[in-house]
2 protein chains.
Amino acid sequence: MVTTRFPGAAERLRKAGIPPTRQRVAIAEVLFARPVHLSADQVLARVREHMPEMSRATVYNTLKLFREKNMVRELVVDPERVFYDSNTAPHYHLFDVRTGELSDVSADELQVIGTPVLPAGLELEEVDVIIRVRSRAPA
Amino acid sequence: MVTTRFPGAAERLRKAGIPPTRQRVAIAEVLFARPVHLSADQVLARVREHMPEMSRATVYNTLKLFREKNMVRELVVDPERVFYDSNTAPHYHLFDVRTGELSDVSADELQVIGTPVLPAGLELEEVDVIIRVRSRAPA
DNA sequence: TTCCATGCAAAGGGTTTGCACTCTC
DNA sequence: GAGAGTGCAAACCCTTTGCATGGAA
């Protein structure tokens, strides 16, 4: 499968204050062409379709960098691996524990009421909602 | 620190249909004396205070078994390790991303409104809510 | 030339597995 | 003595690290 490219990647990196190297642009193209949920290894595989010399370490470095700049959100949902979500708008997730598939639940469909008052010295980072479901195994 | 023992452990295992071996009872004592959030390694360490010969593999096997019998809940919150929660009543979690500390948020304090209608063939397993906070570093 | 970024390989850490030994019924 | 349970060590997999090379200002 050929991944759709995303032309504005370099622009987007500059706006975030990240010097756009070839590798970072290639990773950004995979992530930001459309909203995706990908593990580091999946990102690596997709980038290597166009750039076979991409190294694993660079993918991990870059994902960490993008996260610090709030360009992606880290999803800790599957004990096996971390997923990166290129949709940073508030929304929630549905996780199929059988297949490992992740999908979005929009913030319109679901509301969290009564987030507790945080003790002094605690700063809210984010609220994750994960609806864990199990799909029927195929016949 | 000496862990408080829990007398009814063997009973509890039998009720769940689990043959109570010495090792399983020791693990149950650590988990069910009171509600705890522990990683597999933390369980191992606490059990070894009383039973130094306990093996890592047995802890992992037993935690998996307890989970299948719904005696503990697996918390996927920290990318570094899975936590096991011995409180199976509905409740949510607050996670300090700086220290890795986990604490409970009762289901009274917080409500999730509008859980989406699941497509046919999807069975709801559970809804996790994780409030990620960051505490101030100590002075 | 200096400094950051990259690539490679090895190390690290949590978890699982293979297999022989032990215990129980 | 059959079968489940246990212990040990090695294997596994995702992620991080060390370090030398490469490239841009």
Side-chain angles (χ1 to χ4, degrees), chain A residues 9-10 13-14 16-30 37-48 50-69 71-85 97 100 102, chain B residues 9-10 13-14 16-30 37-69 71-85 95 97 100 102:
Chain A
L13 292 178
R14 268 188 223 96
I18 300 174
T21 63
R22 277 185 346 108
Q23 288 84 343
R24 286 168 179 169
V25 169
I27 293 170
E29 284 175 344
V30 165
H37 303 126
L38 296 174
S39 69
D41 235 56
Q42 290 171 330
V43 171
L44 177 62
R46 294 212 184 172
V47 170
R48 281 188 171 164
H50 299 291
M51 191 185 285
E53 71 277 19
M54 172 68 67
S55 83
R56 198 180 309 283
T58 296
V59 170
Y60 278 98
N61 287 341
T62 302
L63 288 172
K64 200 186 295 183
L65 180 64
F66 286 4
R67 171 174 47 95
E68 280 160 16
K69 302 294 186 182
M71 298 176 72
V72 297
R73 185 169 155 192
E74 245 183 36
L75 302 180
V76 183
V77 160
D78 183 336
E80 314 277 289
R81 79 202 96 255
V82 172
F83 284 99
Y84 291 87
D85 188 344
V97 299
L102 252 182
Chain B
L13 293 178
R14 267 186 224 98
I18 300 176
T21 64
R22 276 183 350 108
Q23 288 85 345
R24 287 168 179 169
V25 169
I27 293 170
E29 283 176 345
V30 165
H37 303 127
L38 296 174
S39 68
D41 235 56
Q42 290 172 328
V43 171
L44 177 62
R46 295 210 184 171
V47 171
R48 280 188 172 164
E49 292 172 10
H50 300 289
M51 191 186 285
E53 72 278 18
M54 173 68 68
S55 83
R56 186 172 264 92
T58 297
V59 169
Y60 278 97
N61 287 340
T62 303
L63 288 172
K64 200 187 295 183
L65 180 63
F66 286 5
R67 172 174 46 95
E68 278 160 16
K69 302 294 187 183
M71 299 177 71
V72 296
R73 183 168 155 192
E74 244 183 36
L75 302 180
V76 183
V77 158
D78 183 335
E80 315 277 289
R81 77 201 102 259
V82 171
F83 285 98
Y84 291 86
D85 187 344
F95 180 66
V97 298
L102 251 183

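Atom set for the values below is all heavy atoms of this structure, side chains included, hydrogens, waters and symmetry mates excluded. Predicted model, so just to flag it, every value in this text is computed and none were measured. Protein chains get the first letters and strands the later ones, always in sequence-line order, with residue 1 at the start of each.
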Would A/Y84 and A/H37 count as a side-chain contact (heavy atoms from CB on, under 4.5 Å) if you check the C-alpha gap in whole Å, the side-chain angles of each, and the deciding distance to 0.1 Å? CA-CA 5 Å; A/Y84 291 87; A/H37 303 126; over 6 Å; no
Could you check A/L13 against A/K69 for side-chain contact (heavy atoms from CB on, under 4.5 Å), going step by step and ending with a plain yes or no? CA-CA 10 Å; A/L13 292 178; A/K69 302 294 186 182; over 6 Å; no
Write down the distance between [atom1] ([X]) and [atom2] ([N]), rounded to a whole number of angstrom.
X: B/Y60; N: D/dC8; atom1: OH; atom2: P; value: 16 Å
X: B/D78; N: C/dG13; atom1: CG; atom2: P; value: 14 Å
X: B/L38; N: C/dT15; atom1: CG; atom2: P; value: 13 Å
X: B/L63; N: C/dT15; atom1: CG; atom2: C1'; value: 11 Å
X: B/M51; N: D/dG7; atom1: CE; atom2: P; value: 8 Å
X: B/E53; N: D/dT6; atom1: CD; atom2: P; value: 11 Å
X: A/N61; N: D/dC19; atom1: CG; atom2: P; value: 16 Å
X: B/K64; N: C/dG14; atom1: NZ; atom2: P; value: 18 Å

Output the single nucleotide from [options] whose closest atom is nearest the side chain of [X].
X: A/Q23; options: C/dT17, C/dT6, C/dG14; answer: C/dT6
X: A/P19; options: D/dT16, C/dA5, C/dG14; answer: C/dA5
X: B/A57; options: C/dG7, D/dA9, D/dC14; answer: D/dA9

Does C/dT6 have its OP1 or OP2 closer than 4.0 Å to a side-chain nitrogen or oxygen of A/S55?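 No, outside the criterion.
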Is any side-chain N or O of A/T21 closer than 4.0 Å to OP1 or OP2 of D/dG23?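 So the side-chain polar atoms of A/T21 never come under 4.0 Å of the phosphate oxygens OP1 or OP2 of D/dG23.
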Return yes if some donor-acceptor pair links the side-chain N/O of A/R48 with the main-chain N/O of A/M54 below 3.5 Å, else return no.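 Present.
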Could you tell me whether the side chain of A/R24 and the main chain of A/T62 form a donor-acceptor pair under 3.5 Å?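 Judged by distance alone, no pair lies under 3.5 Å.
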Is there a side-chain contact between A/H50 and A/E29 (heavy atoms, below 4.5 Å)?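 Heavy-atom side-chain distance check fails, nothing below 4.5 Å.
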So what does B/R24 touch, heavy atoms closer than 4.0 Å: a base, only the sugar-phosphate, or nothing?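 The answer is sugar-phosphate, as B/R24 gets under 4.0 Å only of primed atoms, P, OP1 or OP2.
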